[in-house]
Amino acid sequence: MVQQQKSISSKVTLEETEYLIHLNDPEQQQKQAKDQQVSVPNDCSSYSSAACYEDDNVRVNTAEAEDENCSASTITNGSDSPHALYSTTEAYVRIRRYMKWFFIVNCFIFLMFFAIVFIGAEVEGKRVRDKILPVENRSWAYNIPDVCGYDGDFMTFANESEAREDSNQVAHCGNCGECSTVQDIFIINKTSGTLTDTTTFCAKQVMNIFAGGGGRAAVVSCIEEKVGFTPACGNCWVDNVMCDYKYCLMTCIRSVFFYGESNNKGSDTLNDCLNCDEVMCGPEFILCAGANRRRAGIITDIDRDEDNEVCEKVDDGWLAEAMAAEGISNRK
């Protein structure tokens, strides 16, 4: 009996020893740790934890894993998370969708703008054609008998002979106006090759909300800064710009931005924008300004019919004498 108890005790001691060795074996510990890991099922729809992934390669270390709760503390995966890949793909698809709609909307806006401009230009063109005015021959404004004479002051005379009889020099053809001053005529002489481009730039400021809010005030400021006309003369030019804005806007947009036309379509033929300006707004401008480049006998950057549209009665040297008398420097 005693021997049997010793045998049993010896057996228990041996089993305990083997068990302790088993527990201290690193390989056994790793195997036991793996056995305790929970394999996450493919269908995670019944779990609420964000640690659920639809990937057989994903393993989760967890304290508890129940059929109705998937709660993971660590995730071991050799590749990118399927959720991360899905999020990246979804973002890419969303960006492509936004770009597609952005392109469609912008194309629609451009087509609408295109249609408005061309329809508007045709309507404005009809007004130009219907206006009672010698469109092809503008000698009515230039090849006329009355002249503006200068003898310290500017005065309108019925003809060249009357001006000279009164000891006046002919400053320009036609009636005197707000631009019939030594300073303004000097400016249109000095800027004969650039004035069209400068005033066109200023005209565009009427729609530039960043240039003092656009409108008339922006055009006034631009002409004062870039041209330097006297205030009264500058107002005539601004009135002309606002007239163009009212009657020739679509025509000028089509001519400049869509057709890319220069000042002339051909010899002595104005582009649609300048033609609209002269027909619809030219008479009022000439009446206000009095002097312009053609009336002052100046050849400009716009091809003209020089026999009928450029004054040939202006006295040579009168401007230099007038500038010296009024103390105006030719460097101004």
When rounded to the nearest 0.5 angstrom, what is the spacing between [atom1] in [X] and [atom2] in [Y]?
X: Leu319; Y: Ile188; atom1: CG; atom2: CD1; value: 9.0 Å
X: Leu195; Y: Thr300; atom1: CG; atom2: OG1; value: 9.0 Å
X: Ile119; Y: Phe114; atom1: CD1; atom2: CZ; value: 10.0 Å
X: Gln205; Y: Ile223; atom1: CD; atom2: CD1; value: 10.5 Å

| request: Measure across Met280 and Glu284 and return the closest heavy-atom pair with its distance rounded to 0.1 Å. | output: O-OE1, 3.6 Å
State, without any angle test, whether [X] and [Y] hold a side-chain donor-acceptor pair at a distance under 3.5 Å.
X: Asn175; Y: Asp146; answer: no
X: Thr230; Y: Gln183; answer: no
X: Arg216; Y: Ser221; answer: no

Does the SG-to-SG distance between [X] and [Y] fall under 2.5 Å?
X: Cys281; Y: Cys248; result: no
X: Cys252; Y: Cys276; result: no
X: Cys233; Y: Cys179; result: yes

Take a 6.0 Å sphere around [atom1] of [X] and say whether it holds more than 12 heavy atoms from other residues, nucleotides or ligands.
X: Asp316; atom1: CG; answer: no
X: Phe157; atom1: CZ; answer: yes
X: Met155; atom1: CE; answer: no

| task | Could you label the plane-to-plane angle of the Phe258 and Phe110 rings as parallel, tilted or perpendicular, counting under 30° as parallel and over 60° as perpendicular? | result | tilted
Should the pair [X]-[Y] be classified as a salt bridge under the 4.0 Å nitrogen-to-oxygen rule?
X: Glu122; Y: Arg254; answer: yes
X: Arg295; Y: Glu312; answer: no
X: Arg293; Y: Asp301; answer: yes

Are the side chain of [X] and the backbone N or O of [Y] linked by a donor-acceptor pair below 3.5 Å?
X: Asp277; Y: Asp244; result: no
X: Thr251; Y: Cys273; result: no
X: Asn271; Y: Ser262; result: yes
X: Glu124; Y: Met250; result: yes
X: Asp315; Y: Val170; result: yes

| field | Check: Tyr98 ring centre within less than 6.0 Å of Phe102 ring centre | value | no
| field | Pairwise side-chain contact, Asp166 with Asp151, heavy-atom cut-off 4.5 Å (strictly under) | value | no
| request: Go through the steps to decide whether Asn263 and Asp303 satisfy the test side chain to side chain contact (heavy atoms under 4.5 Å, CB included), and finish with yes or no. | output: CA-CA 8 Å; Asn263 292 333; Asp303 291 335; over 6 Å; no
| task | Go through Asp184 and Thr181 one step at a time and tell me if the side-chain hydrogen bond (donor to acceptor under 3.5 Å, both in side chains) criterion holds. | result | CA-CA 5 Å; Asp184 294 319; Thr181 69; 2.7 Å; yes
